[in-house]
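Reading through the structure tokens given below for one structure.
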Amino acid sequence: MEWQARALVNAAGPWAASFLRDTVVSAHGEALATRQLRLVKGSHIVVPRLFDHAHAYLFQNPDRRIVFAIPYERDFTLIGTTDVELHGDPGDAVASEAEIAYLCEQVSRYFARPVVPGDVRWSYAGVRPLLDEADGDEASAVTRDYLLETHADGAPLLTVWGGKITTFRKLAEEAAGAIGRLLGDERAAWTASAVLPGGDLSAWTGMPPGTPAEDFERFVKALGHRHAWLPTPLALRLARAYGTRATDWLGEARCLDDLGLEIAPGLHEAELAHLQRDEWAVTADDALWRRSKLGLHLDARQRAGVSDWFAARTGA
Ligand SMILES: Cc1cc2nc3c(=O)[nH]c(=O)nc-3n(C[C@H](O)[C@H](O)[C@H](O)COP(=O)(O)OP(=O)(O)OC[C@H]3O[C@@H](n4cnc5c(N)ncnc54)[C@H](O)[C@@H]3O)c2cc1C
């Protein structure tokens, strides 16, 4: 498939350097990957709930690192993380046995009951793309958590180096500004007071905005009122996962049967169709692990049912 665009934004995270090196062709053959990324794997484990309150723990380890234990998906505790230099393909990163043992050992120093690898229900690893300080040109570039680099020689190109979720909005605002300048099409920033998709809770309920917790509680109540046939735990889950966007695909449904077949407990076709259509889920893993963590609450047979649904719809 061939695409044409007025500009290219390289936001490939851990692949940002290899994408420039291996995929992008520069106008005059010059190297575009001017920065080095240090790839640092961080692994996490999920175990059955270790405590029954809503607070998070941060534990200090003897190796001067910290690990956290956070309430997760109602029934679980999320424990992370590690820092392991990665030299291979970020796509192959998984939580190793050694990392799982390390995380269990560290939190077991604090909890009354030890956590052992056999408790682990699920694990995952992410790869941090850290700007390599040793090779940075300017000291200021490495003291920031992200760096935007533009190339105007040839097709406009913007590369995002590094980054954090906490600064995603500022990063995106600056990136959009930089691309606008490259294209001669600058526009006013607008995201500072915008809500995320589905986050317009008080507008939906018609109540004056309160605290986020108050707005959410009112929204759950209003959603339950509008769809009184929704079981309360399901209404709560949908409100939490989708906010007001749940109301798009709940539509005019008047009973659970109107949501289509129940493919897995509490997971109906209408929700999967929404994930597929509006959140670009292509496989069961996208729906169960990437767009949600529903996979944690289902057994292998139920997850297979979701795979079958996707296979029937997409061949995936
Ligand atoms: C273990 C760990 C812990 C973290 N902890 C925190 C934290 O506590 N606080 C915080 O704020 N941030 C944290 N972060 C950082 C945060 O997760 C990242 O900053 C954020 O995910 C970056 O988002 P992104 O969309 O820029 O990049 P990514 O989420 O890395 O996405 C890059 C995307 O590009 C895609 N891609 C790659 N190559 C191509 C290609 N050729 N064509 C098309 N697509 C491509 C990839 O598939 C991927 O989906 C952590 C990261 C890790 C790994």
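Order of appearance sets the numbers: ligands from 1, and atoms from 1 within every ligand. Side-chain atoms are counted along with the backbone in the values below, which use heavy atoms only and exclude waters and symmetry mates. Start at 1 with the first residue, then count along the sequence.
Salt-bridge annotation for Arg121 and Glu73: absent, with no side-chain N of the basic residue lying under 4.0 Å from a carboxylate O of the acidic one. Arg169 has a carboxylate O that lies under 4.0 Å from a charged side-chain N of Glu173, or vice versa, which qualifies the two as a salt bridge.
Considering Gln60, His44, Gln106 as possible partners of Val67, the one that fulfils the side-chain contact (heavy atoms from CB on, under 4.5 Å) test is Gln106.
Under the 4.0 angstrom criterion for non-hydrogen atoms, Lys41 is not in contact with ligand 1. Using a 4.0 angstrom heavy-atom cutoff, Val160 does not count as in contact with ligand 1.
Between the side chains of Gln276 and Thr314, no donor-acceptor pair of N or O atoms lies under 3.5 Å.
No side-chain donor-acceptor contact under 3.5 Å links Arg218 to the backbone of Thr205. A donor-acceptor pair under 3.5 Å is formed between the side chain of Thr82 and the backbone N or O of Ser43.
When side chains are defined from C-beta on, Glu262 does not count as touching Leu256, because their heavy atoms never get closer than 4.5 Å.
Close contacts of ligand 1 with Phe19, meaning ligand atoms under 4.0 Å from a residue heavy atom, involve 41 (N). Below 4.0 Å from some heavy atom of Val127 lie the following atoms of ligand 1, by number and element: 53 (C). Within ligand 1, the atoms closer than 4.0 Å to a non-hydrogen atom of Gly126 are 53 (C), numbered from 1 in the order shown.
In Thr23, neither the side chain nor the backbone holds a heavy atom less than 4.0 Å from any atom of ligand 1. With a 4.0 Å cut-off on non-hydrogen atoms, Ala11 touches ligand 1 through its backbone and not its side chain.
Among all non-hydrogen protein atoms, the one lying nearest atom 4 (C) of ligand 1 is Arg128 NE, 4.4 Å. At the top of the distance list for atom 28 (P) of ligand 1, counting protein heavy atoms only, stands Gly13 CA, 4.5 Å. Of the protein's non-hydrogen atoms, Trp15 CZ3, 4.2 Å is the one closest to atom 47 (O) of ligand 1. Remark: minimum distance from atom 30 (O) of ligand 1 to any protein heavy atom is reached at Pro14 CD, 3.3 Å. Ile165 CG1, 4.0 Å is the protein heavy atom nearest to atom 20 (C) of ligand 1. Distance from atom 19 (O) of ligand 1 to its nearest protein heavy atom, with residue and atom name: Gly163 O, 3.1 Å. In this structure, the protein non-hydrogen atom closest to atom 6 (C) of ligand 1 is Lys164 NZ, 4.2 Å. Counting only heavy atoms of the protein, atom 45 (C) of ligand 1 lies nearest to Ala12 CB, 4.5 Å.
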How far apart are the C-alpha atoms of Trp249 and Tyr242, what are their side-chain angles, what is the distance that settles it, and do they pass the ring-ring contact (aromatic ring centres under 6.0 Å, His included) test?
CA-CA 10 Å; Trp249 56 267; Tyr242 305 106; 5.6 Å; yes

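Remark: atom 23 (O) of ligand 1 lies closer than 4.0 Å to no protein heavy atom. Of the protein's heavy atoms, none falls inside 4.0 Å of atom 49 (O) of ligand 1. Less than 4.0 angstrom separates atom 41 (N) of ligand 1 from at least one non-hydrogen atom of the protein. In this structure, atom 10 (C) of ligand 1 has protein heavy atoms in its sub-4.0 angstrom surroundings.
Under the 30°/60° scheme for interplanar angles, the aromatic rings of Phe51 and Phe111 are found to lie parallel.
Each of Val84 and Ile45 belongs to its own hydrophobic cluster when Ile, Leu, Val, Met, Phe, Trp and Tyr are linked at side-chain heavy-atom distances under 4.5 angstrom. Clustering ILVMFWY residues whenever any of their side-chain heavy atoms sit less than 4.5 angstrom apart, transitively, puts Leu37 in the very cluster that holds Val127. A continuous path of ILVMFWY side-chain contacts below 4.5 Å connects Leu267 to Leu238, so both sit in one hydrophobic cluster.
Ligand 1 has no N or O atom lying under 3.5 Å from any N or O atom of His44, backbone or side chain.
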